[in-house]
Each structure stands twice: as structure tokens, then as C-alpha cells.
Amino acid sequence: MRTRTFLAVAGFLGIAASPLAVGSALAAEPQTETIDTADGLMNIWLGAAYVDMNVTNGFGAAIDQGSFLFITQPDSGLDISSAGAEVGGDYWGSGLRLGDVYLAADFLIARDDDDIRLALPTTGARPFLDTLPLDGTPSPGLIVAGAGSEANISADADFRRTSVAAAHKLAFSPLDADIALGAYGALSRLNFGSSVRGVGGGFITLDEEVDAVSVGPMIALRKTTALTPSIEGFIEGRAAVLYAHGAFDGVQTASNLPAALNVEDERDDLAGMAEIRAGVSLLALGAGKLSLYGGLGVRNDAYEIVNPRSRTGLVASDSDSYSPGPARIEQTTQFTGSIGARFTLNF
């Protein structure tokens, strides 16, 4: 709310007819006018998010016959495909004498935990669990043997992403939508851990981490529409072209490895992101409004872990037959969906 004061000044209102008279000036009383203006608009949202992203393609274990011939491999890996949470906020308005600006920050988290019971084959040559070394060297072989043996596999993944954006609102407004051009940046971290433990003894563990940072130019927009005298609809979104950098660090231990194996990898990629959120305001709370929203997003500034994999029929301990290469990371696409509540404050 801004108050503008207008001062009207009256000039000489009259001159006496007598030559001894002097003119006098009378000033009008100051007048004030109050005009409603919105200097800024702030949104704060909290919701549930569904994150779908490939994490890893292996647990570092395989099943061999007694002749070190690969038979098969445990589950191909773990996907984060579970509900998480998102929280964030943005601001549209005047700030720091820079004119109209758009500022935003948000945080996303998702977790997934799995436990699998793996049964070794009960037919054919005597099978056993085998380690697939993280550094890509030939397998050292036997961990636990016996037809009908079992192993317990546990895996957990924790994914977090923080993003920020800053932009300048354009002076023109096509289709009555606010548009801003600026920069976007995101920092994400994936922690993955798994263990394979044979019921008859032996173990394999993996502890892997991927850190990714991305930055680039962005466009943001928002538009509101009155649906009824008391309900307002809105749609908002942003898209960015990004430079992405991923860094991987992995550690593997096993009962048949003489020492822990450490592997590192990093890569740079051209990436992008786009997300949209839409909803309706349902309740006025003082100077603010409470809304419900739904959102969708797609981006490829994310990375999955590619661990060594076995191939059926190859000889595990023969480097001429089996040369898988060390663990690494690859660019992947991530999809998100979200629903939640948003509070909007005009001031």
C-alpha cells in the first residue's frame, strides 16, 4: 500500500480596490489520496513429490557355477520411484532498486529402501555368490556356495536437490502473463548403499555417492485468471538450458577382497529442465490466499551409477573373457510430479 500526497496551491485570490491595499495569498489545505498498489507477491509452497530416477544398475554381486561360469545376476538395481517432499518459495516484485525481479528457492527430497531375498539355483553345477569388483578387474570368485543357499540384499537410496533462481521481469506482458529472464542453479546429491550377505557366510557392500551441480539461463512465467468472484486460477513455470557437472565416488568391500576398492568418476554435459505448476486459490486469509496446486517436471541434469555387470556364459575369473570396466556415471532423465498447498501474500 502506498500513500501519495498531492499539494494544491492557490494564488492570489483578490486585490483590494484601495491603492493602500496589498495582495494576499491563501494556500489550500493539503489533500491525501490512498491508492492500492501491490509492491510484491510472495508464494510459499509445501507438498508431496513423486520422484522417478534411475540410481544404479547393480549390487556388485553375481551367481556363478563351480567353474566360475556366470549364470545370472541379482536384481538389476534400484530405482527411486517413491514419494518424497518439496518445499520452496518465490517472490515477484520490486527489490534492491533493480526494478521488478523474480527470486526463487526450493528443496526436494526422496528416499527408497528395499530388502530382497535371493535364492541361488538348485539345479546344475554347485552355484556360489561371486563379487564383481568396482574397479573392473576380474572377479576373485567364491563367497558362499551350496545348492539352495540364499542371500539377503538390502539397498537404500537418498536423493536431495536444492535449486535457486534469480531473474528480471520484462517490462512487456504478453497475454497478461508475467515473464522474467535470468539464471537458474541446482545442487543435488545421491547417496546409495547396498549389502549382499550370504546366509552361509560372506558379504559384499557398496557405498556410492553422486554430486551434481548445474547452472544456466532461465525463463520464468506466471499468469492468474479469475474463475469466479472468489476463486482464482494460476499457472506458472520455468525452463532452463544448463551446464551440468557430475562427480562420483564409490567404495566396495567384500569378504573375498583383500582391501576396500575406491573408484571415482566425473563428467560434464549439456542439460535442460522444465517444470510447470497449476492450481486454484480457495481461501482468502487476511492479505493472502491459500491455494492447492499440482506440478510436473522433467530434467536431465541428473546421473545414474553404472556398476560392473556380468554376462551369462562368461568366465568370471578370466580377464580375456570378462572385462567389464570400472564403475562410472551416466547422464539420465528425471521426472517429478507433485501436489500440495501454496500460500500467497500480497504486500
(Q) Can you give me the closest heavy-atom contact between W45 and D106, atom names plus distance? (A) CZ2-CB, 4.1 Å
Q) What closest approach, in Å, do L129 and A151 show between heavy atoms, and which atom pair accounts for it? A) CD1-CB, 3.6 Å
Q. Does any non-hydrogen side-chain atom of E208 lie less than 4.5 Å from one of L134?
A. yes
Q: Please lay out, stage by stage, how D265 and R267 fare under the test salt bridge (charged side-chain N to carboxylate O under 4.0 Å, His left out).
A: CA-CA 7 Å; D265 185 34; R267 57 176 294 160; over 6 Å; no
Q. Should S163 and R238 count as side-chain neighbours, where that means a heavy-atom distance under 4.5 Å?
A. yes
Q) Going by heavy atoms in the side chains, are N300 and T332 under 4.5 Å from each other? A) no
Q) Backbone N or O of N57 within a donor-acceptor pair of the R309 side chain at under 3.5 Å? A) yes
Q: May I ask you to decide if R111's main-chain N or O and S82's side chain share a donor-acceptor pair within less than 3.5 Å?
A: yes
Q: In sequence, state the C-alpha distance, the side-chain angles, and the governing distance for D158 and F192, and then conclude on side chain to side chain contact (heavy atoms under 4.5 Å, CB included).
A: CA-CA 7 Å; D158 181 281; F192 175 77; over 6 Å; no
Q) Can you find a heavy atom in the side chain of T344 that is under 4.5 Å from one in the side chain of L41? A) yes
Q | Hphob cluster co-occupancy, L206 + I116, side-chain heavy atoms under 4.5 angstrom | A | yes
**Q.** OG1-CG distance between T131 and N256, expressed to the nearest 0.5 angstrom
**A.** 3.5 Å
Q: Apply the test side chain to side chain contact (heavy atoms under 4.5 Å, CB included) to residues L292 and L282: give CA-CA distance (whole Å), side-chain angles for both, the deciding distance (0.1 Å), then the verdict.
A: CA-CA 7 Å; L292 297 180; L282 300 177; 3.6 Å; yes
Q. Could you give the distance from CG (D64) to CD1 (I71), rounded to the nearest 0.5 Å?
A. 7.0 Å
Q) Which distance, rounded to the nearest 0.5 Å, do you find between the CG of D249 and the CG of N262? A) 6.5 Å
Q) So with a 6.0 Å cut-off around CD1 of I339, is the heavy-atom count from everything else above 12? A) no
Q | Inter-residue atom distance S230.OG - L227.CG, 0.5 Å rounding | A | 9.5 Å
Q.
Would R277 and Y293 count as a cation-pi pair here, with the cationic atom under 6.0 angstrom from the ring centre and within 45° of the axis?
A. yes
Q.
I'd like to know if the side chain of Q331 reaches the main chain of L270, judged simply by a donor and an acceptor atom lying under 3.5 Å from each other, with no hydrogens or angles considered.
A. yes
Q. Is a side-chain donor or acceptor of D269 paired with a backbone partner of A271 at a separation under 3.5 angstrom?
A. no
Q) Can a cation-pi geometry be assigned to R328 and Y303, taking NZ or CZ under 6.0 Å from the six-membered ring centre and within 45° of the ring axis? A) no
(Q) Side-chain heavy atoms nearer than 4.5 Å, only ILVMFWY residues, links allowed to pass through others: does that put V55 and F159 together? (A) yes
Q: With rounding to the nearest 0.5 Å, note down the distance linking CD1 in I63 to OG in S310.
A: 9.0 Å
Q: Treating Ile, Leu, Val, Met, Phe, Trp and Tyr as nodes and any side-chain heavy-atom pair under 4.5 angstrom as an edge, say whether I305 and L132 lie in one connected cluster.
A: no
Q) Any luck finding a side-chain donor-acceptor pair between R311 and Q73 under 3.5 Å? A) no
Q: Provide the closest heavy-atom pair for V263 versus P326 in the form atom of the first, atom of the second, distance.
A: CG1-CB, 4.4 Å
**Q.** Electrostatic pair E236:K223 at N-O distance under 4.0 angstrom
**A.** no
Q) How long is the span from the CD atom in E232 to the OG atom in S281, to the nearest 0.5 Å? A) 4.5 Å
Q.
Does any part of the side chain of T253, heavy atoms only, come nearer than 4.5 Å to the side chain of F203, both counted from C-beta?
A. yes
Q. Tell me, do F234 and R342 make a side-chain contact under 4.5 Å, heavy atoms counted?
A. yes
Q) For the ring pair F70 and Y322, is the centre-to-centre distance below 6.0 Å? A) yes
Q: May I have the step-by-step check of side chain to side chain contact (heavy atoms under 4.5 Å, CB included) for M273 and Y184, ending in yes or no?
A: CA-CA 10 Å; M273 61 80 67; Y184 172 90; 4.0 Å; yes
Q. Do you reckon I231 sits in the same ILVMFWY cluster as L283, going by side-chain contacts under 4.5 Å, direct or chained?
A. no
Q) Taking side chain as C-beta onward, heavy atoms only, is I329 less than 4.5 Å from E304? A) no
Q | E86 versus S338, closest heavy-atom pair with distance | A | OE2-OG, 3.1 Å
**Q.** Pair N43-F343, side chain to side chain contact (heavy atoms under 4.5 Å, CB included): steps then yes or no
**A.** CA-CA 6 Å; N43 299 305; F343 180 71; over 6 Å; no
Q) Do you know the tightest heavy-atom contact between T162 and F107? A) OG1-CD1, 3.2 Å
Q. Taking C-beta and beyond as the side chain, do L108 and T336 meet within less than 4.5 Å on heavy atoms?
A. yes
Q: Indicate whether any N or O donor in one side chain lies under 3.5 Å from an N or O acceptor in the other, for T205 and S195.
A: no
Q | Hydrophobic cluster identity match, I109 and L190, side-chain contacts under 4.5 Å | A | no
Q: For residues D90 and A104, report the shortest heavy-atom separation together with the two atoms involved.
A: CB-CB, 3.6 Å
(Q) Would you say the ring centers of F68 and F128 fall short of 6.0 Å from each other? (A) yes
